[in-house]
Amino acid sequence: MSTPAVSERHQSIPVEFADEEESIKITGFWMFLMTDMIIFASLFAVYAVYRSRTALGPTPQQLFHLGPTVLETLLLLTSSFTVGIAVWAMRHNRLRMVFGWLIATLVLGAGFVITEISDFVSYMSQGATWHVSGFLSGFYVLVGTHGAHVTFGIMWAITLLLQLRRRGLTAVTRRKLFTFSLYWHFLDIVWVFIFTFVYLSGKIA
Amino acid sequence: MRRRVRSSRRAYRMLALAALGLGLLVSGCGPQYVVLHPKGPVGQSELHLMAFAAIAMAVVILVVFVLFGIAVVRFRDYPGNRNPYTPHWHSHKWLEPLWFIIPAVILTVIAVPTVNVTYALAKLPPSKDPVVINVTSLNWKWLFEYPNQKIATVNYLYIPVGKPVLFHLTADSPMNTFWVPSLGGMEYTMPGRILPLWLEASKPGVYWGHSGQFSGIGFEKMFFYVHAVSGPKFTAWANRVRATARPMTLTAYHQLLRFNTIGAESYSSFPASTWPSVSHGFTLRGGMYLLKSNNPGATAQH
Amino acid sequence: MSEHTSDGTELEAVEPGLEFLAPKFEVEGFPWAQVMGYVFSLLLTFAALLLVVDHAMPPILLLAVILALALGQAGLQLGVFMHLRESRGTAWQLLPLGLAFFIAFALVGTSIWIMLFKTGVS
Amino acid sequence: MPAFLLYLVHTLFPPDTRQPTELGADFMILVTGIGIVYILTRYKKWRWLWREWLTTVDHKRIAILYLIAAIAMLFRGGVDALMLRTNLALPNVQPIGALEYNEVFTTHGTIMIFFMAMPFIFALFNAVIPLQIGSRDVAFPRLNAMSYWLFAFGAMLFNISFVVGGSPNAGWTGYPPLTELAFNPGPGESYYFLSLLIAGIGTTITGINFLVTIIRMRAPGMTLMRMPMFAWSTLVTSALIIFAFPPLTVALALSLLDRTFGSSFFTLGHGGMPMMYVNLFWLFGHPEVYIVILPAFGIFSEVVPTFSKKRLFGYTTMVISLVSIMFLAYGTWVHHFFTMGAGPTVNAFFGLSTMLIAIPTGVKIFNWIFTMWGGRIRITVAMLYQMAFIPTFVVGGATGIMLSVVPADYQLHNSYWVVAHFHNVLIGGTVFGLLSGLYYWWPKMFGFILNERQGKVGFWLFVIGFWVTFLPQYLLGLEGMTRRMYTYPFGFGWHELNVISTLGAFTMGAGFIALVYNILWSLRYGERDLTGDPWNGRTLEWALPSPAPEYNFARIPVVHGVDEFWAMKEQGMTLANQLRPQDVKALELPKNTGMPFMLGLSFFVGGFGMVFEWWPIAIFGGLGVVACLIYAAFDYDDKEPLPADVIRHTEGTFGRLQA
Ligand code: HEA
Ligand code: HEA
Ligand code: CUA
Ligand SMILES: [Cu+2]
């Protein structure tokens with residue numbers, strides 16, 4: 001139902017949950033996140049096993065620069081914060097604030113993707129393509145899948161902005177924004193593990 | 001109605017039994033049941049365990065069949081059935097836990113020897129000095145190299161009776177499994193890895209082996225023969241091959257790499273580089289038959 | 001679990017026996033939780049970074065510590081930002097979430113264990 | 001231009017596919033296709049097809065679509081099986097050669113598992129679950145349609161490989177490096193990876209959909225411990241799907257990257273490791289076999305109480321065993337590669353974890369037997385399949401336990417013992433279960449009953465054929481015959497047993513023909529089901545007319561215990577005599593949409609382009625996918641009102657309204 005009205009009695013229940021149908025969609029989205037989590041777990045397993053299979057190519061220690069990665073981490077953590085605030089603003093019915101924070105999220109996300117791509121390009125220009133070794137294949141696919149998710153998230157955010165502008169804060173658009181925020185935070189969690197398990201641990205001898 | 005169903009059920013049981021009996025009869029439970037007639041200690045202990053598990057399973061099957069048969073016969077819906085009808089009976093204080101306990105007990109009985117034998121087979125018999133054979137599966141043929149005898153063969157093997165043989169398995173092709181059912185179980189040959197497997201023949205004879213893992217169009221032709229002969233005969237054979245066969249050059253090896261099937265071949269020597277070494281990114285740790293390679297000749301190769 | 005209500009005011013009953021999955025909503029006047037969450041997430045990240053750059057510990061221990069920090073970070077995101085206890089009735093997502101974390105770690109761990117012997121020495 | 005055409009013909013119909021059997025198949029497909037198009041045009045049915053079926057989001061219709069696909073695929077997989085068996089009975093003649101044999105066992109296994117068993121299961125989920133839990137639809141009707149079309153177009157992509165370009169030929173498991181470009185240059189393996197990826201997305205969505213449907217959409221009062229057992233098994237199956245399909249997706253995607261984009265995951269060189277594929281595949285593969293068996297368990301848990309006229313024995317232990325099977329199913333996958341030498345500790349661990357599964361499975365077997373105990377068993381076709389299931393599955397399970405005995409598996413791995421084991425559980429468990437469910441729920445889906453006498457003929461042919469086919473294969477395993485051989489030498493004692501096995505396979509084929517005849521005959525002459533409750537059922541789906549109206553329940557019932565409908569009947573009530581005209585409220589139904597179909601089509605086009613690496617086509621398909629997603633994001637018009645009058649009228653014609 002797309003009735004934004006919330007009865008007085010249950011003021012504290014956010015609209016996206018008060019509406020049964022939308023709340024079911026949120027449950028569904030959680031389940032989707034679980035499948036995505038196992039996808040990433042499988043990719044982590046692949047990476048973990050291939051980490052030392054560097055063939056004739058570079059080792060993690062030789063390859064990674066921490067600089068860009070730390071920047072990416074900062075961007076993503078901040079974007080996670082901004083989208084959190086966007087949801088907070090949504091729950092206080094502040095549409096303009098929602099716009100602002102969502103656009104900030106989007107920009108930070110784009111910054112992340114650009115940094116990642118330029119990082120990849122610099123690796124590849126050293127000849128470290130994924131053909132070179134199992135390790136590099138695992139690395140590019142794990143990190144690249146995350147990057148693709150972020151890119152998809154940015155496009156999703158754009159369609160969200162358009163819908164918010166057309167329709168304002170209805171139960172449907174609220175639910176969509178809320179699931180988007182779940183998605184985004186989830187990517188942040190995955191990134192933290194990538195940062196730790198791929199980049200940082202790559203620097204441990 | 002009642003009679004018909006019952007008699008057709010019986011017919012179906014009889015048929016199943018008959019098929020089993022017939023199968024065994026037609027073939028006379030003869031020597032072609034290679035898995036049941038092992039010719040070496042490894043196959044023997046695998047068979048023992050299999051038979052043990054089979055007996056346990058037979059008990060399980062029997063119990064289920066009997067209970068099920070009684071239920072079906074007693075509680076069918078026909079007029080005048082005097083057996084108790086208890087539509088609301090749906091749980092039982094100790095019957096239900098029993099379903100957990102009895103299978104758990106039976107499984108424990110199987111599990112203990114399973115673990116024991118699994119570990120036991122992972123060790124070479126300690127006192128004996130094994131013959132080492134390096135096995136490479138190729139498309140679609142088997143290359144056997146004897147690092148100590150310094151000879152190589154294709155698609156056939158000689159091994160001494162009564163002596164453990166340590167196979168080192170690898171592949172320069174998609175995966176296969178190396179299997180001589182008369183002697184014991186199989187293990188994969190995989191590119192990029194070397195797995196150890198030991199077998200032993202306790203009776204002289206010719207035993208066939210085959211690949212158990214599909215590897216492409218010529219896979220069906222990957223039969224090979226293992227000639228188990230006495231120790232002196234084995235030595236004599238090795239000397240003869242070294243004396244009479246042609247040496248394997250790298251070119252010859254590359255010809256073996258071609259995708260085709262060929263017959264048996266013998267070589268008086270082989271280039272060391274045909275066997276993968278650590279510097280190629282291989283390792284010797286592990287394997288089901290995890291064992292310390294106690295043959296210096298073998299490790300020197302890696 | 002209830003007849004569809006279009007006014008959307010009824011919270012559903014919590015599944016009997018699963019009372020620990022009762023929903024909880026967090027709506028505050030100022031996003032303190034988010035701000036604190038952000039600060040802590042930065043702290044956790046830089047802690048891990050510093051530890052690694054300094055080689056503060058033996059490698060295995062270091063790996064364990066930074067993984068623990070990452071886990072803390074995940075918990076923080078879930079708890080602070082993802083409103084993980086919110087639901088219309090029973091907070092069902094918590095069960096699969098627990099399962100997913102378990103499977104994810106078991107999957108990575110056992111895969112390493114099973115493949116361990118094959119790691120190349122190059 | 002002619003050069004271009006030549007290239008096209010050569011790529012799409014490479015020389016090795018130009019064989020009599022394949023050309024014959026091509027011809028058959030062409031004729032059937034033209035026939036269908038002709039009939040649709042002749043009777044002006046295109047619009048009807050599009051509006052009623054291709055765009056439908058009604059779970060009951062989607063169920064029928066799944067069912068049609070599943071039976072068609074059972075036919076295709078079955079014909080494959082008969083080809084395999086014929087070749088093995090005549091090892092010296094070899095009616096189909098090595099090339100084709102390898103394709104055929106691959107397509108047989110893949111089709112039977114992914115494109116027969118899975119859609120068959122989803123057909124029953126869709127047909128039954130919303131009705132059984134007292135809900136108007138699944139949680140996400142549009143996603144449901146999307147799942148179907150992703151599955152259907154994935155299946156189509158897989159099936160056209162036989163006609164266009166050549167089929168995959170590396171087994172249903174698709175182990176690298178055999179699937180690598182170097183060893184497998186044709187398009188076959190790309191077909192395999194892409195079609196399974198596409199269908200796999202659909203399956204994952206189905207898993208999510210039914211999980212959420214069951215946890216969120218149950219009728220008021222239906223707590224978890226009051227759910228029908230089929231709903232429980234669906235819940236657990238969905239959870240298994242959610243956690244099992246992602247590793248498959250990754251394994252397939254990485255293989256595809258290796259093949260098409262030159263990464264180095266599973267290659268021979270560059271530090272690739274084929275083992276990792278095997279690990280990921282079975283991380284999916286083992287849960288998958290429980291994904292296909294648990295719904296069958298659920299079906300039996302409905303069929304046995306109904307036809308024994310007795311409540312299910314041990315409800316709680318049934319639930320406990322289902323849930324523990326779910327957990328254990330994730331912990332046993334290594335038993336498929338004991339002989340890859342992961343070391344005695346790993347092997348012992350996974351051998352024991354495999355054995356553990358026997359305990360919850362046994363609990364179910366005994367509970368079914370004790371449901372029958374003290375009941376009144378009516379021998380219908382549905383019940384007959386159940387009664388064949390128990391002995392057959394127990395034998396299959398027992399031979400599985402023997403495989404989990406690690407040293408024994410060293411001798412039995414990849415031998416015909418394994419082939420016999422898994423057909424024993426897949427046919428004796430899954431297929432018998434699905435057929436039982438088919439006969440049981442058929443009236444609910446279509447409104448008429450399948451003829452019982454004919455059904456019994458099919459049953460006996462199928463069951464006897466089954467045992468004649470697969471019992472000899474255990475013996476073949478003990479004789480050391482390995483699987484996936486298109487021919488074999490004489491003198492190993494293999495020939496006689498193979499001939500017996502082939503005779504059995506043809507008996508099963510006759511059983512399949514009897515089944516199809518049964519359906520076609522009943523379509524015309526079958527007894528109508530006017531009560532909605534032909535079997536004296538116990539659960540809510542039988543409280544509705546057959547087939548259920550579009551909105552399922554005019555008013556959602558309140559549930560007070562297990563077997564709610566049985567309890568109602570005992571108190572002399574039904575849903576019908578509870579409904580007063582003023583209780584009927586207007587409803588909103590999900591609106592039909594063409595998006596899912598277009599999405600499936602786009603995936604198909606993109607997949608096809610990728611198979612042949614024709615990038616413009618691949619990109620075109622990809623853009624289609626994006627377009628569909630964007631369309632879906634902005635489409636708010638997804639509901640259709642259903643006025644109370646219409647519902648009142650419908651209920652009235654069923655005679656289900658109080659005066
Ligand atoms: C429906 C599908 C299905 C099911 C349910 C099962 C069930 C089981 N399977 Fe099977 N299996 C397959 C489908 C299935 N399998 C397939 C498709 C393959 C091959 C894939 C390929 O390579 O292509 C395979 C292969 C396979 C292997 C690998 C063989 C090899 O390649 O070397 C093993 C090894 O352990 C195994 C074991 C088991 C066990 C222990 C069970 C158990 O779950 C069985 C449990 C049931 C019982 C035991 C009977 C009932 C219990 C009782 C009556 C209680 C008392 C019992 C005891 C005390 C024992 N299976
Ligand atoms: C649910 C799954 C399922 C089902 C139902 C079946 C059903 C059958 N299977 Fe299948 N099988 C597998 C799953 C399944 N199989 C898998 C996963 C593999 C492994 C593949 C691999 O190795 O990768 C396999 C492999 C496999 C092999 C091993 C091939 C080899 O390794 O070389 C054999 C051999 O006998 C076989 C036989 C059969 C037979 C006779 C049937 C019978 O039940 C079929 C019954 C027959 C019909 C239903 C056909 C009806 C059709 C007609 C009557 C039409 C007649 C018309 C004409 C002839 C034009 N199967
Ligand atoms: Cu049995 Cu010889
Ligand atoms: Cu398994």
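Just so you know, these numbers come straight off a predicted model, no measurement behind them.
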Worksheet entry | Evaluation steps, side chain to side chain contact (heavy atoms under 4.5 Å, CB included), between D/Arg376 and B/Tyr85 | CA-CA 7 Å; D/Arg376 282 295 173 264; B/Tyr85 173 50; 3.7 Å; yes
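- Residue D/Ser415 comes nearest to B/Trp179 through the heavy atom pair CB-CH2, 4.2 Å, listed as atom of the first residue, atom of the second, then distance.
- Counting heavy-atom pairs under 4.5 Å between each of B/Phe214, B/Phe223, B/Phe259 and chain D puts B/Phe214 at the top.
- Here the side chains of D/Pro407 and B/Thr114 are in contact, with some heavy-atom distance below 4.5 Å.
- D/Phe307 is not listed as a side-chain neighbour of B/Asp77, based on a closest heavy-atom distance of 4.5 Å or more.
- Within the 4.5 angstrom heavy-atom criterion, only side-chain atoms of B/Phe219, from C-beta onward, approach chain D.
- When B/Asn81, B/Ile102, B/Val115, B/Asn139 are compared by the number of non-hydrogen pairs under 4.5 Å with chain D, B/Asn81 comes out ahead.
- Residues B/Leu67 and D/Phe366 have side chains in contact (heavy-atom distance under 4.5 Å, counting atoms from C-beta outward).
- D/Tyr175 contributes no side-chain N or O that, together with a main-chain N or O of B/Pro174, makes up a donor-acceptor pair within less than 3.5 Å.
- Your options are D/Ala408, D/Gly397, D/Gly374, and the one with the most heavy-atom pairs under 4.5 Å with chain B is D/Gly374.
- A donor-acceptor pair is defined here as one N or O able to donate and one able to accept, closer than 3.5 Å; no such pair exists between the side chain of B/Glu220 and the backbone of D/Thr487.
- Here the straight-line distance linking atom NZ of D/Lys309 with atom CZ of B/Phe75 works out to 14.5 Å at 0.5 Å rounding.
- The choice from D/Pro176, D/Ala348, D/Gly314 that makes the most heavy-atom pairs within less than 4.5 Å of chain B is D/Gly314.
- For a residue to count as touching a neighbouring chain, one of its non-hydrogen atoms must lie under 4.5 Å from one of that chain's; by this rule D/Leu99 touches chain B with backbone and side chain alike.
- Counting heavy atoms from C-beta outward, D/Met372 and B/Val72 have side chains that approach closer than 4.5 Å.
- Looking at heavy atoms from C-beta onward, B/Glu187 lies in side-chain contact with D/Tyr410 at the 4.5 angstrom threshold.
- The greatest number of non-hydrogen atom pairs below 4.5 Å with chain B, out of D/Val363, D/Asn367, D/Leu312, D/Asp409, is found for D/Val363.
- Among the candidates D/Leu178, D/Asn184, D/Thr317, the residue making the largest number of heavy-atom pairs closer than 4.5 Å to chain B is D/Leu178.
- D/Thr339 approaches B/Met186 most closely through the heavy-atom pair CG2-O, 3.5 Å.
- Contact annotation for B/His92: both backbone and side-chain heavy atoms come within less than 4.5 Å of a heavy atom of chain D.
- For D/Val418, no part sits under 4.5 Å from any heavy atom of chain B, backbone or side chain.
- With rounding to the nearest 0.5 angstrom, the CE atom of D/Met481 is 8.5 Å from the NE2 atom of B/His210.
- By number of non-hydrogen pairs under 4.5 angstrom with chain D, the leading residue of B/Pro84, B/Ser45, B/Ala53 is B/Pro84.
- Between B/Ala111 and D/Leu352, the shortest heavy-atom distance links the atoms CB-CD2, 3.4 Å.
- To the nearest 0.5 Å, the span separating CH2 on B/Trp99 from OG1 on D/Thr361 amounts to 15.0 Å.
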Worksheet item: How far apart are the C-alpha atoms of B/Met175 and D/Val278, what are their side-chain angles, what is the distance that settles it, and do they pass the side chain to side chain contact (heavy atoms under 4.5 Å, CB included) test?
Response: CA-CA 11 Å; B/Met175 295 186 229; D/Val278 177; 3.9 Å; yes
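- Heavy atoms closer than 4.5 Å to chain D are found nowhere in B/Ile101, neither backbone nor side chain.
- For D/Phe349, no part lies under 4.5 angstrom from a heavy atom of chain B.
- One finds the CD1 atom of D/Ile390 at 10.0 Å from the CZ atom of B/Phe65 (value rounded to the nearest 0.5 Å).
- Contact annotation for D/Glu570: only side-chain heavy atoms (C-beta onward) come within less than 4.5 Å of a heavy atom of chain B.
- Taken from OG in B/Ser91 to CE in D/Met318, the straight-line distance is 13.0 Å, to the nearest 0.5 Å.
- Residues B/His90 and D/Val562 have side chains not in contact (no heavy-atom distance under 4.5 Å, counting atoms from C-beta outward).
- Two residues are said to be in side-chain contact when any heavy atoms from C-beta on lie closer than 4.5 Å; D/Leu475 and B/Tyr33 meet this criterion.
- Residues D/Gln411 and B/Pro181 form a side-chain contact, since some pair of their non-hydrogen atoms from C-beta on lies under 4.5 Å apart.
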Discussion item. Set out, in order, the CA-CA distance, both residues' side-chain angles and the distance that settles side chain to side chain contact (heavy atoms under 4.5 Å, CB included) for D/Trp373 and B/Ile70, then state yes or no.
Written reply: CA-CA 9 Å; D/Trp373 202 278; B/Ile70 296 176; 3.5 Å; yes
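- The minimum heavy-atom distance linking D/Ala358 with B/Leu107 is given by the pair CB-CD1, 3.9 Å.
- Heavy-atom pairs under 4.5 Å with chain B were tallied for D/Trp417, D/Tyr488, D/Phe105; the largest tally goes to D/Phe105.
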Fill in: Derivation and outcome, side chain to side chain contact (heavy atoms under 4.5 Å, CB included), residues B/Gln32 and D/Trp494
CA-CA 9 Å; B/Gln32 69 268 47; D/Trp494 297 349; over 6 Å; no
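- If you tally non-hydrogen atom pairs under 4.5 Å between each of B/Pro113, B/Pro87, B/Pro103 and chain D, the highest count goes to B/Pro87.
- Neither the backbone nor the side chain of B/Ser182 comes within contact range of chain D; no heavy atom of the residue lies under 4.5 Å from a heavy atom of that chain.
- At a 4.5 Å heavy-atom cutoff, the contact between B/Trp89 and chain D is made by backbone and side-chain atoms alike.
- We find the OG1-CG distance between D/Thr482 and B/Asn176 to be 10.0 Å, quoted to the nearest 0.5 Å.
- With a 4.5 Å cut-off on non-hydrogen atoms, D/Leu478 touches chain B through its backbone and its side chain both.
- Interface remark: D/Ser321 contributes no atoms to any contact with chain B (heavy atom separation under 4.5 Å).
- The choice from D/Ile401, D/Thr179, D/Thr316 that makes the most heavy-atom pairs within less than 4.5 Å of chain B is D/Ile401.
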